[in-house]
Amino acid sequence: MKAYILHGINDIRLEETAVPLIREDEVLVRVKAAGICGSDIPRIYVTGTYSYPLIPGHEFSGIVEAAGGESGRAWQGKRVGIYPLIPCGECVPCQKKQYEMCRHYNYLGSRCNGGFAEYVAVPVWNLIALPEETSFEEAAMLEPMAVAVHAIRQMELGGQETVAVIGLGTIGILLTMFLKEMGIKRILTVGNKDFQKEMVAKQGIPAGDYCDSRQEAVDGWLQEAAGEAGIDVIFECVGKQETITQAVRNVMPGGKVQLVGNPASDILLERNLYWKILRNQLTVKGSWNSSFTHDESDDWHYVLKRLARKKVRPGEYITQSFPFERLEEGFHIMRDKSREYVKIEALL
């Protein structure tokens, strides 16, 4: 089969390699669509990964071609999405079915071979069946959509809140999409690109509820836009000192700040900001990955139900699609920021 194999930092090659052998608890998935995550780019070009050689890619969907044992036979020929985190099943979070916080997990595309290949060995446990209404391209976005949903659901929104989203990268845009689908009363958005303004406008966000941080002081804009009612919940989707400070400073007393963005550097908690958290009795919460428990109530099933009913249309945010042999062009777009993008995928 063909696969993009990472041999070291900044050394990824499209090569011929053996189709993976599957264990009794695994199936062989023929990949039909694979998306590039923002975390793939530093993994390939800057920080490297846990071992080499490795096939990156953790956002993908496909068809089950073969089963290694009895547990996978019912999946043969099925269209599937794939939860990429492989939990140990034994640690304290796993015993509570909080698999996203597993202490000893494996991970497709970063700790073991992933989806930038024609075939992938996937544990049966990690499969989710796709409704016929859901395309492979949409299903390759299940993972980032579930990450966005996980952050939202932790805030236990009722619908009447005023919510702000700071940072409109892929997760911020998908998060806004699901907030709109939930019917949240008002959504204020903060970005730094004309392209981002266009993306949230497609979701029905009025021009007056978008702040371009290149042109306006975010603190003043948020305060003016929210008025006396204030902002109930702020989702911070950047991971920088400046934007975390903005979130804590501008949420209303008793409000909530959901930290979603991966940190770009150390985050320092200034004394006055700490006072703000204390005196306004704020809830500041972290969000990581997504819940996948095989129950209808988990984040992945939440997303799939809305996809099947056409309540959300993530395909609108696939800004570039490449044949598999040209996927490296997508890596370069994201690495060099040479073109605007939300989600870049390869189709096989």
Trainee: Is the side chain of Glu26 donor-acceptor paired with the backbone N or O of Arg23 at a distance under 3.5 Å, no angle test?
Mentor: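 Yes, the answer is positive, given that a donor and an acceptor are paired below the 3.5 Å cut-off.
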Trainee: Tell me if the centroids of the rings in Phe331 and Tyr4 come within less than 6.0 Å of each other.
Mentor: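 They qualify: ring centres under 6.0 Å apart.
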Trainee: With a 4.5 Å cut-off on side-chain heavy-atom distances among I, L, V, M, F, W and Y, is there a chain of contacts connecting Val312 to Ile171?
Mentor: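 Val312 and Ile171: one cluster.
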Trainee: Are the charged groups of Lys185 and Glu161 less than 4.0 angstrom apart, N to O?
Mentor: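 Judged by the 4.0 Å cut-off on N to carboxylate O distance, Lys185 and Glu161 do not form a salt bridge.
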Trainee: Is there a side-chain contact between Ser61 and Leu142 in this structure, where contact means two heavy atoms from C-beta onward sitting under 4.5 Å apart?
Mentor: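 When only atoms from C-beta onward are counted, Leu142 and Ser61 do not touch, as no gap falls below 4.5 Å.
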Trainee: For Gln281, does the CD atom sit with more than 12 other heavy atoms under 6.0 Å from it, leaving out its own atoms?
Mentor: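 Open: at most 12 neighbouring heavy atoms sit under 6.0 Å from CD of Gln281.
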Trainee: With a distance cut-off below 6.0 Å to the six-membered ring centre and an angular limit of 45° from the axis, does Arg79 pair with Phe136 as a cation-pi contact?
Mentor: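 Satisfied, under 6.0 Å and within 45°.
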Trainee: Can you list the steps and then say if Arg309 with Glu133 is a salt bridge (Lys or Arg N to Asp or Glu O under 4.0 Å)?
Mentor: CA-CA 8 Å; Arg309 298 173 194 156; Glu133 301 88 350; over 6 Å; no
Trainee: Examine distances only and state if a side-chain atom of Gln203 and a backbone atom of Ile173 form a donor-acceptor pair shorter than 3.5 Å.
Mentor: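 Yes, Gln203 side chain to Ile173 backbone: donor-acceptor pair under 3.5 Å.
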Trainee: Please check: side-chain N/O of Glu181 versus main-chain N/O of Lys311, any donor-acceptor pairing under 3.5 Å?
Mentor: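 Absent.
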Trainee: Going by distance alone, is a donor N or O of one side chain under 3.5 Å from an acceptor N or O of the other, for Asp219 and Asn250?
Mentor: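 Side-chain D/A pair, Asp219 to Asn250: present.
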Trainee: Can Tyr107 be reached from Tyr50 by stepping across I, L, V, M, F, W or Y side chains whose heavy atoms are under 4.5 Å apart?
Mentor: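 Different clusters.
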Trainee: Could you check Cys91, Cys88, Ser290, Pro87 and say which one makes a side-chain contact (heavy atoms from CB on, under 4.5 Å) with Tyr99?
Mentor: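 Answer to the side-chain contact (heavy atoms from CB on, under 4.5 Å) test with Tyr99 among Cys91, Cys88, Ser290, Pro87: Pro87.
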Trainee: Determine whether Trp75 and Ile86 fall in the same hydrophobic cluster, where Ile, Leu, Val, Met, Phe, Trp and Tyr are linked whenever their side-chain heavy atoms lie under 4.5 Å apart.
Mentor: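 Yes, Trp75 and Ile86 fall within the same hydrophobic cluster.
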Trainee: According to the interplanar angle, ranging from 0 to 90°, do the rings of Tyr83 and Trp300 count as parallel (below 30°), tilted (30 to 60°) or perpendicular (above 60°)?
Mentor: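 Perpendicular, since the angle between the ring planes exceeds 60°.
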Trainee: Could Arg103 and Tyr105 be counted as a cation-pi pair, given that NZ or CZ must be under 6.0 Å from the ring centre and within 45° of the axis?
Mentor: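 That pair does not qualify as a cation-pi contact.
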Trainee: Assert yes or no for the condition that the ring centre distance of Tyr210 to Trp221 is strictly below 6.0 Å.
Mentor: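 For Tyr210 and Trp221, the ring centres are not under 6.0 Å apart.
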Trainee: With ring centroids as reference points, do Phe116 and Phe324 lie under 6.0 angstrom apart?
Mentor: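 Judged by ring-centre distance (under 6.0 Å), Phe116 and Phe324 do not meet the cut-off.
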Trainee: Got more than 12 heavy atoms from elsewhere within 6.0 Å of CZ, Arg214?
Mentor: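 Yes - once you tally the heavy atoms of other residues, nucleotides and ligands closer than 6.0 Å, there are more than 12.
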Trainee: Between Thr176 and Ile187, is the side-chain contact (heavy atoms from CB on, under 4.5 Å) condition met? List the steps.
Mentor: CA-CA 8 Å; Thr176 305; Ile187 306 167; 4.2 Å; yes
Trainee: Could you tell me if His7 and Glu15 have a donor-acceptor pair between their side chains, going purely by distance under 3.5 Å?
Mentor: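 Distance-only check passes for Glu15 and His7.
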Trainee: Strictly by modelled atom types, are Gln154 and Ser287 linked by a side-chain donor-acceptor pair under 3.5 Å?
Mentor: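 Result is yes, a qualifying pair exists.
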Trainee: Applying side-chain hydrogen bond (donor to acceptor under 3.5 Å, both in side chains) to Asp295 and Thr293, what does each step give before you reach the verdict?
Mentor: CA-CA 5 Å; Asp295 298 324; Thr293 62; 3.1 Å; yes
Trainee: Can we call the ring centroids of His294 and Trp125 under 6.0 Å apart?
Mentor: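 Yes, close enough.
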Trainee: How long is the gap from NZ on Lys202 to OH on Tyr317, to the nearest 0.5 Å?
Mentor: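 Answer rounded to 0.5 Å: 5.5 Å.
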Trainee: Verify, without hydrogens or angle tests, whether Asp232 (side chain) and Thr162 (backbone) share a donor-acceptor contact under 3.5 angstrom.
Mentor: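 Judged by distance alone, yes, a pair lies under 3.5 Å.
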Trainee: Do Ser291 and Asp298 have side-chain atoms, one donor and one acceptor, less than 3.5 Å apart?
Mentor: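 Asp298 and Ser291 do not have a side-chain donor-acceptor pair below 3.5 Å.
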Trainee: Quick one: does any side-chain atom of Lys197 pair with a main-chain N or O of Asp212 as donor and acceptor, under 3.5 Å?
Mentor: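 No; zero donor-acceptor contacts below 3.5 Å.
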